[in-house]
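Data first, discussion second: the structure below is written as structure tokens.
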Amino acid sequence: MHDEPERGNPADRPPSYEPPATAQARPPLPAAPANTGTAANHTGTLPWMVLLLIVLITLLVLPYLAEKIQYSLTRGEQLAKRDVALTTLAGMPETNSRFSVVANAVAPSVVGINTVVGGSLRDEWSGLSPRARGEGSGVIVDPDGYIITNFHVVNQATGVTVQLADGREIKDVRVVGKDPYTDLAVLKIEASDLVAAKWGDSSEIQVGDEVLAIGNPYGLVRTVTAGIVSATQRLAPGVRQTQEFLQTDAAINPGNSGGPLVNLRGEVVGINTAIYGQAYQGISFAIPSQVASQIYRQLKETGQIVRGWLGVQMVDVTTQIADRVGLDRPRGVFVVEAVPDSPAAEAGIRRGDVILRWNGTEITSFLDLSRQVAGTEIGKRVPVLIFRNGREIEVEVEVAERPPEFE
């Protein structure tokens, strides 16, 4: 049998202790922190703080590391290119050495040209008319004494003197022929032990190729300047637009006219002829060797240049002209006027026509047509394709010799 809890009258139970009425009640003591709960909170917060710290460090350091890596990659690429460049340069002659070798190879062929135009020297006592003096350059292109220079150097000269590179002065100079159309002339001297320069091919010249200009600017004999080819097939400002030029930044000044422009093989690729402005400004022009060598051969053989003649005034076809005449695109040349009684007029070519083809070759510009006509044999009958009133027509032109007044 189980004991039952004591039951009875509460009054019979012993009274519980109660503090005296006069005693102050003490405030209850704060509950002791639960040790197990605090440890758990600290353990849960610490990983988050560490993670946050790692994220902050990463955000601060990562751009720096990325920048350093990029620098390293770029530097590595540059060093690799540098190594390749150094290896390549080690197998090439030095540029300066090459310039000096080219200059030495060509200099014996370059001559100075002095001209006199007019009568006697000025005499303050007699009052005789003065005579003008001119200076230019030239280059020997045949050991027999043939020299090519500019037309404007010897034009109207009553006396020409050639000064050779070895110091000899030749006064017996014959003007073989002159061509104002290309600004070229050929001279002939009688002298021994002459050194001829070699012709190069100007059609192989590219923009950026290095070249040397050799001549006598302001009478400073055998001056050599270096530069690059700035442009090919250039129309020179201020020069009659009858041909295209090589443009270079090699320094060319008054007195350089007629001297050679040479490549780094020591070959003549141009004849220096003009500058932009009154003095060197970094823009100079040379007649391409393809033109100069052809003119030289003709002048040497015949003393004159005979060119074919069509007899039209023309301009390149622009977009506006093409739209106006009904062409599908700008091509050919537009005939502004046909000279009366010219081969063009006799063939029926008239104002407003567009010449598309000459002797089966497509025309790209008025200079292109001018060159093709000039090089056509005199008396030859040539098919010419023209565009008129919305359709193509072929006519036949008999090429005539260019009259002197059109030179």
Side-chain angles (χ1 to χ4, degrees), residues 88-89 92-113 135-141 147-153 165 182-185 195-218 220-239 243-277 279-296:
T88 303
L89 288 173
M92 296 175 61
E94 294 184 6
T95 301
N96 290 338
S97 297
R98 184 178 297 173
F99 283 171
S100 63
V101 171
V102 171
N104 289 333
V106 181
S109 304
V110 181
V111 303
I113 297 176
E135 294 177 335
S137 304
V139 57
I140 302 171
V141 289
I147 298 169
I148 191 167
T149 186
N150 282 147
F151 167 82
H152 73 261
V153 171
T182 56
D183 192 26
L184 291 169
V195 179
K198 296 181 179 179
W199 286 110
D201 188 353
S202 57
S203 67
E204 296 179 353
I205 290 290
Q206 298 183 21
V207 174
D209 284 353
E210 293 177 303
V211 288
L212 300 182
I214 308 176
N216 302 304
Y218 300 108
L220 301 173
V221 297
R222 292 179 298 284
T223 295
V224 179
T225 56
I228 64 170
V229 173
S230 307
T232 60
Q233 299 179 322
R234 178 71 81 196
L235 298 179
V239 178
Q243 64 182 27
E244 296 166 337
F245 296 88
L246 297 177
Q247 180 184 327
T248 178
D249 65 351
I252 295 175
N253 283 290
N256 273 112
S257 293
L261 187 73
V262 300
N263 60 21
L264 293 193
R265 293 192 294 271
E267 300 168 336
V268 178
V269 294
I271 300 298
N272 302 318
T273 189
I275 57 176
Y276 183 78
Y280 174 70
Q281 300 184 50
I283 303 177
S284 309
F285 302 98
I287 302 166
S289 60
Q290 275 192 318
V291 174
S293 60
Q294 180 183 10
I295 296 300
Y296 160 71

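Sequence neighbours left out, not one pair with a member in residues 102-112 passes salt bridge (Lys or Arg N to Asp or Glu O under 4.0 Å). Sequence neighbours left out, the pairs with a member in residues 254-263 that pass side-chain hydrogen bond (donor to acceptor under 3.5 Å, both in side chains) are His152-Ser257, Asn263-Glu267.
To the nearest 0.5 angstrom, Thr149 atom OG1 is 10.0 Å from Asn272 atom CG. To the nearest 0.5 Å, atom CD of residue Glu135 and atom CD1 of residue Ile113 are 11.0 Å apart. In this structure, CD1 in Ile148 is found 13.0 Å from CD1 in Ile140, a value given to the nearest 0.5 Å. Between the OG atom in Ser202 and the CD1 atom in Ile271 there is a gap of 10.5 Å [rounded to 0.5 Å]. One finds the CG atom of Leu261 at 7.5 Å from the CD1 atom of Ile205 (value rounded to the nearest 0.5 Å). The distance from the CG atom of Leu184 to the OG1 atom of Thr273 is 7.0 Å, given to the nearest 0.5 Å.
Under a 3.5 Å cut-off, the side chain of Asn150 and the backbone N or O of Asp183 do form a donor-acceptor pair. Not a single donor-acceptor pair under 3.5 Å links the side chain of Asp249 to the backbone N or O of Ile283. With hydrogens and angles ignored, the 3.5 Å screen pairs a side-chain donor or acceptor of Ser137 with a backbone N or O of Gly255. Listed for the Thr248 side chain is a donor-acceptor partner under 3.5 Å among the backbone atoms of Ile228.
Here the shortest heavy-atom pairing between Phe99 and Leu212 reads O-CD1, 3.6 Å. Val153 and Gly136 get closest at one heavy-atom pair: CG1-CA, 4.1 Å. Between Pro217 and Asn253, the shortest heavy-atom distance links the atoms CB-CB, 3.9 Å. The minimum heavy-atom distance between Val110 and Gly215, with the atom names listed, is CG1-CA, 4.2 Å. Contact record, Pro108 with Ala105: CD-O, 3.9 Å, taken as the closest heavy-atom pair. When every heavy atom of Glu210 is checked against every heavy atom of Leu264, the shortest pair comes out as OE1-CD1, 3.3 Å.
In this structure, Tyr296 and Trp199 have tilted ring planes: the angle between them lies in the 30° to 60° band.
With sequence neighbours excluded, the residues satisfying side-chain hydrogen bond (donor to acceptor under 3.5 Å, both in side chains) with Asp201 are Ser203.
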Working for side chain to side chain contact (heavy atoms under 4.5 Å, CB included), residues Phe285 and Leu246: CA-CA 6 Å; Phe285 302 98; Leu246 297 177; over 6 Å; no
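A heavy-atom distance below 4.5 Å is not found between the side chains of Val106 and Val224.
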